[in-house]
Amino acid sequence: MQNKPETNKDISFEGFKSEVLNDYRIAVISRQCSLLGRREVLTGKAKFGIFGDGKEVPQLAWAKAYKDGDWRSGYYRDQTFMMAIGNLTIEQFFAGLYAHTDIEADPMTAGRQMGGHFGTHSLDEKGNWKDLTAQKNSSPDISPTASQMPRLLGLAQASKIFRNVEGIDTSGLSENGNEVAWGTIGNASTSEGMFFETINAGGVLQVPMVVSVWDDEYGISVHAKHQTTKESISEILKGYQRDEENKGYEIFRVDGWDYPKLIDTYQRAGALARKEHTPVLIHVLELTQPQGHSTSGSHERYKSRERLDWEKERDCNAKMREWIIANGLASDEELSELERSIKKQVREGKQKAWNAYLAPILQERQEVMEILTSLASVSNNRIFIDKLRNALARGNEPIRKDVMIAARKALRYVINEESDEKNRLQDWLNGYFKKIQPKYSSHLHSESDKKATLVKEIKATYDADAPDVDGRIIIRDNFDVIFGENPDALVFGEDSGNIGDVNQGLEGLQEKYGKLRIADVGIREATILGQGIGMAMRGLRPIAEIQYLDYLMYALQLMSDDLATVQYRTLGRQKAPLIVRTRGHRLEGIWHSGSQLGGILNLIRGINVLVPRNMTKAAGFYNTLMEGDEPALIVECLNGYRLKEKMPNNIGKMKTPIGVVEVVKEGTDITLVSYGSTLRLVEETSRELLEVGINAEVIDVQSLLPMDLDHDILKSVSKTNRLMVIDEDVPGGASAYILEHILNEQDAYNLLDSPPRTLTSKPHRPAYGTDGDYFSKPSTEDIFEAVYNVMHEMSPADFPKLR
Ligand SMILES: Cc1ncc(C[n+]2csc(CCOP(=O)(O)OP(=O)(O)O)c2C)c(N)n1
Ligand SMILES: [Mg+2]
């Protein structure tokens, strides 16, 4: 057996043969799923299909090198791999395609993501860790191409931390850091900046990651000549190849149809990464797309006849079939028989998945039809209700939307009627929303008993002679306690290690806790974020530091697309309780005083956004988050590190509650709502306002997401009947977000005696220098005059025009 893969040397011929045939079986099942999957979309049963056809064989080889405890971060072509590691059945494949909302039927995403987005369960339904070392793990896929790369870096780095940091309880999480993180990416997606950023960072960090590039020469219709210099990613990454003098990558090139060589390559890559923590790149060439890119179009439109013929000839499954016959492992007839039986198996699996998907909806439809029948019998609008009922009855394959349309529209025909049947319909609808809406909306935040908002407040306490210290001392000493008490906690960012961050909030901690836990990293915000996501998914407690809020923009796409959706897109079966630490608000100039919170808030629903006004509050937030299981962004006040605060005597213990506001000054005339650095100005102004007889109540929001769960702002407005929201974001930014919450969520409108106002910065970026700041952002004079004007409008006699 000339071509027999080396790694299988010690198994018998029969054993080898059956392993090969089993692989071929999986390849054919996967292909058949792709073929039928496309048909399901074209006949309207599923909405969209993107499949793994043409990429089957390398994934079989990869699966052989994949061990329990390993992690995947890949993309939509990986169905064969998921099947080969035993994590995707035929029924589950189709359940995902149909958007079956039952997590048992579609364990990948409970119908929330289109098919082809894979993942495994790290948590049980209560949010407790499963034994990750006893299962094959996959992080949950997302659609933006290359966004799987930064997370891959973190998944791999976790192994390095588990292997090299003392004192971490690794049970159920790691076996001495032996786990490899395997990434996959399409050839075209390597054009993304995040790919290159991750490759560079992986080489610097020397972490066990193996990146496979599935190269089919295309990215939808765009050929490699428009994507990649020299049309070859391994060619241009040659400089990363390690040698005697320098660490780097091991780079392999292998054809995607060459089964024995693929097995050999993946075994070598896995061993290298696992043992030495050397990163590896495998460029898998000559792959194809038998059905084109996705169900959205046909590749005949943009591929030449020659290319299409070439793809037919290079089809990896066909090549594997030839190889099996040429090596005497099975005959043509035997394989044909196998293929026939698989076709039947896939057809049956598909039908089972469809029936299971449809069954609850048919039941729900039945309920509505019965209610509508009886409603029609007592209604004056019988004809119209019957019409709705009959339309609903007609379809063989109803969806929930059809059921809802009939039920909700029917209600309109009985607006002016009273009957038991109408009550029944109303009850049914209300009950239905209660039951069904969570299938589409639950788990934006954790629903476990470690939910961040469940962590109880512990106020900072003080000795009678508590000294005033710089704010940064409080944050530093608090981090000291966090790292002392939590061996699994670590922080990394630009300048975070050696000098202990640009404001010395981590001063001296690297010496104490080591370079792996208090780490300097390159200037690469997206992969700093990715490191955090990956490590948090594996059970560590990372704090990713982004030097300034202004530069969060580089990481924001991943916060939005990946971090914020982890719980949601897995129905709570994975989590990434990453803390993103940054500093912002007032300093100097366009890119060092940003406060772009409106944009941030609206992009990262699912992440807690915390804006403490001082370092004691900030420290308390870190302590709260360490006890919870949710991700968060903490924006410290950039101008607060040198301001004096009293030193609490319960550093490391105090906890700032999440979703709770604080009334920092009581008053009766108007409620002023603010946060962060601006809050200090509002507080200052509120004292000046007293001098002209205006007694304002000042509220620190401090937690923007979630916000004021107890509706304390409403309580304040019910007393003052006037409201102003003040911040340093642009008009329509975070102030509008806060106002919307107070008006819609808290229903404050009826309590107001004056129009609610916002006071914000100018719509442009803040100009440089003290005067630049003064004319760009709200000053105490601006706040004073704006509040005064509200009082003037209310009573010009008591408050004559100021200017
Ligand atoms: C950031 C981003 N841009 C565009 C898309 C739309 N899109 C989806 S797949 C794809 C092509 C990817 O090609 P390649 O990486 O070679 O993977 P292949 O599908 O060929 O396996 C594009 C442009 C996307 N999903 N994400
Ligand atoms: Mg491609």
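We're numbering straight along the sequence, starting at 1. Order of appearance sets the numbers: ligands from 1, and atoms from 1 within every ligand.
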Starting from [atom], what is the nearest protein heavy atom, named by residue and atom, and what distance separates them?
{"atom": "atom 25 (N) of ligand 1", "answer": "Ser143 O, 3.1 Å"}
{"atom": "atom 4 (C) of ligand 1", "answer": "Thr145 OG1, 4.6 Å"}
{"atom": "atom 21 (O) of ligand 1", "answer": "Tyr75 OH, 2.7 Å"}
{"atom": "atom 12 (C) of ligand 1", "answer": "Tyr76 OH, 3.4 Å"}

**OP:** Applying side chain to side chain contact (heavy atoms under 4.5 Å, CB included) between Asp315 and each of Arg321, Gln289, Met320, Arg31, report the one that passes.
**Re:** Arg31

**OP:** Please check if the side chain of Gln291 supplies one atom and the backbone of Ser34 the other of a donor-acceptor pair under 3.5 Å.
**Re:** yes

Original post:
Side chain of Tyr551, backbone of Trp591: donor and acceptor closer than 3.5 Å?
Top reply: yes

Should the pair [X]-[Y] be classified as a salt bridge under the 4.0 Å nitrogen-to-oxygen rule?
{"X": "Asp255", "Y": "Arg314", "value": "no"}
{"X": "Lys303", "Y": "Asp216", "value": "no"}
{"X": "Glu217", "Y": "Arg307", "value": "yes"}
{"X": "Asp561", "Y": "Arg569", "value": "no"}
{"X": "Arg112", "Y": "Asp106", "value": "no"}

Does any donor atom in the side chain of [X] or [Y] lie under 3.5 Å from an acceptor atom in the other side chain?
{"X": "Asp23", "Y": "Tyr259", "value": "yes"}
{"X": "Thr198", "Y": "Arg151", "value": "no"}
{"X": "Tyr440", "Y": "Arg400", "value": "yes"}

Show the atoms of ligand 1 that are less than 4.0 angstrom away from any heavy atom in [X].
{"X": "Pro144", "value": "26 (N)"}
{"X": "Gln289", "value": "20 (O)"}
{"X": "His293", "value": "9 (S), 10 (C), 11 (C), 19 (O)"}
{"X": "Asn187", "value": "15 (O), 16 (O)"}
{"X": "Gly219", "value": "11 (C), 13 (O), 16 (O)"}
{"X": "Arg77", "value": "18 (P), 19 (O), 21 (O)"}
{"X": "Gly186", "value": "14 (P), 15 (O), 16 (O), 17 (O)"}
{"X": "Glu192", "value": "1 (C)"}

Subject >> Heavy-atom side-chain proximity of Ile185 to Thr190 below 4.5 angstrom >> reply: yes

Original post:
With side chains defined as the heavy atoms from C-beta onward, is the minimum distance between Met559 and Leu603 less than 4.5 Å?
Top reply: no

Record the part of [X] in heavy-atom contact with ligand 1 below 4.0 Å; permitted values are side chain, backbone, both and neither.
{"X": "Asp216", "answer": "side chain"}
{"X": "Ser189", "answer": "both"}
{"X": "Trp214", "answer": "neither"}

Original post:
Quick one: does Gln227 get within less than 4.0 Å of ligand 1, heavy atoms only?
Top reply: no

Subject >> For atom 14 (P) of ligand 1, the option (of Ser147, Ala188, Ser221) bearing the nearest heavy atom >> reply: Ala188

Original post:
Heavy atoms only: which of Ile50, Ile220, Asp561 is nearest to atom 7 (N) of ligand 1?
Top reply: Ile220

**OP:** Return the orientation label for the Tyr357 and Trp354 ring planes: parallel under 30°, perpendicular over 60°, tilted otherwise.
**Re:** tilted

**OP:** Please report the number of protein N, O or S atoms that lie less than 2.8 Å from the Mg ion (ligand 2).
**Re:** 3

**OP:** Step through the shown structure and confirm whether more than 12 heavy atoms of other residues, nucleotides or ligands are within 6.0 Å of CG on Leu42.
**Re:** yes

